[in-house]
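Comments concern the structure below.
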Amino acid sequence: MGKLTMGERLTPSRRQLLAGAAAGLTGAALPQVASAKAPMANTQAPTFYRFKVGAFEATIVSDGPLHMGAPAAGVFTDLSKEQMLKELDDNFLPTDDVALEQNALVINTGERVVLFDTGVGTAKAFGPDSGRLIASLKAAGLDPKDVDAIVLTHAHPDHCWGLMADDGGRNFPNAQIYMAQADLDFWTDEGKLTNPELKDFIAGTRKHLLPNRDRMVFVRDGQEFLPGIQAMAAPGHTVGHTVYVITSQGKTLCNVGDIAHHHTIVVENPRREFVFDTDGKQAVASRLRVFDMLASQRVAAVTYHFPWPGLGHIGKRGDAFRYYPTPLRTVL
Ligand SMILES: [Zn+2]
């Protein structure tokens, strides 16, 4: 499209001006239309989104975004600050703050309510907008007391620090917790409390996981540990990072957690490693394997950090991929 200029087409014609004047006269006779003001709402619509997976009801609830700040070198391998700025701008994304959403999936199987990941809780290391998961659940008509199972993709703060309340009580008092043992062992390891890079993660995670040790069930690769829910090991981002395949009546959805952290920067360059990966090379291998599966089998996925609500397909493009958000439906 050419550049818009104040050409003739954009100049109101004499006839339009006269019509406008006539409308003005009519309007003057009507009651105070122009003064029908409403206060600004200053709040967002409730952040839940519902859809069906066969006989299962799925609801994605938001814990709110994490603000990562302006692009910097070293966040992803082989990506300079300048190139990151360009890629964001090319995709019409803000260049002053990379926000990562937190999209937590709830599956109601009819027998059980299963929540995948818990958000970051009350920690505010990535800004003031997170910690909304409980409010989002309630807005969706889901009571935290009714959650029977919490399934963790991995034990990073933004996925498991919503387990315990600040007063030491449980946010989900009736839930069993399903996760890979490798992540429990790694992220609660006392020996890492002296590691300057890990100590804050470890100390915080111990508070959320250790009090729940007696209600934990460890998932194994390939195991269908709840009816219709199968674990698939996808290590690298963390040692026990796991994705979950949900199947009902021939329909499949994959909850892929942190298999990728950005819908363009990583999906379109899937060999980039992320600064928070425990083993970046292994994370890339897992990502390529999971993305290949999603693309070839045309399986929809919920990705934890993608733009709200994180529901979409991954398609193959050359030796990389492209993200196709699922059109949101206004009816169930
Ligand atoms: Zn995460």
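Residue numbers count from 1 along this sequence. Both counts, for ligands and for their atoms, begin at 1 and track the order of listing.
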Quiz item: Is the Phe186-Phe201 ring centre distance short of 6.0 angstrom?
Solution: no
Self-check item: Validation row, ring centre Phe274 to ring centre His261 under 6.0 Å
Solution: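 Under 6.0 Å, so yes.
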Quiz item: For the side-chain contact (heavy atoms from CB on, under 4.5 Å) test, which of Ile60, Val61, Val114 pairs with Val106?
Solution: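 Testing Val106 for a side-chain contact (heavy atoms from CB on, under 4.5 Å) against Ile60, Val61, Val114 leaves exactly one candidate, Val61.
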Practice problem: Please work out which of the three classes, parallel, tilted or perpendicular, describes the rings of His241 and His237, given edges at 30° and 60°. | Solution: perpendicular
Self-check item: Donor-acceptor pair between Thr264 and His262 side chains, under 3.5 angstrom
Solution: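 Yes.
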Self-check item: Polar side chain donor-acceptor pair, Asp183 to His154, under 3.5 angstrom
Solution: no
Exercise. Only protein N/O/S atoms count here: give how many lie under 2.8 Å from the Zn ion (ligand 1).
Key: 4
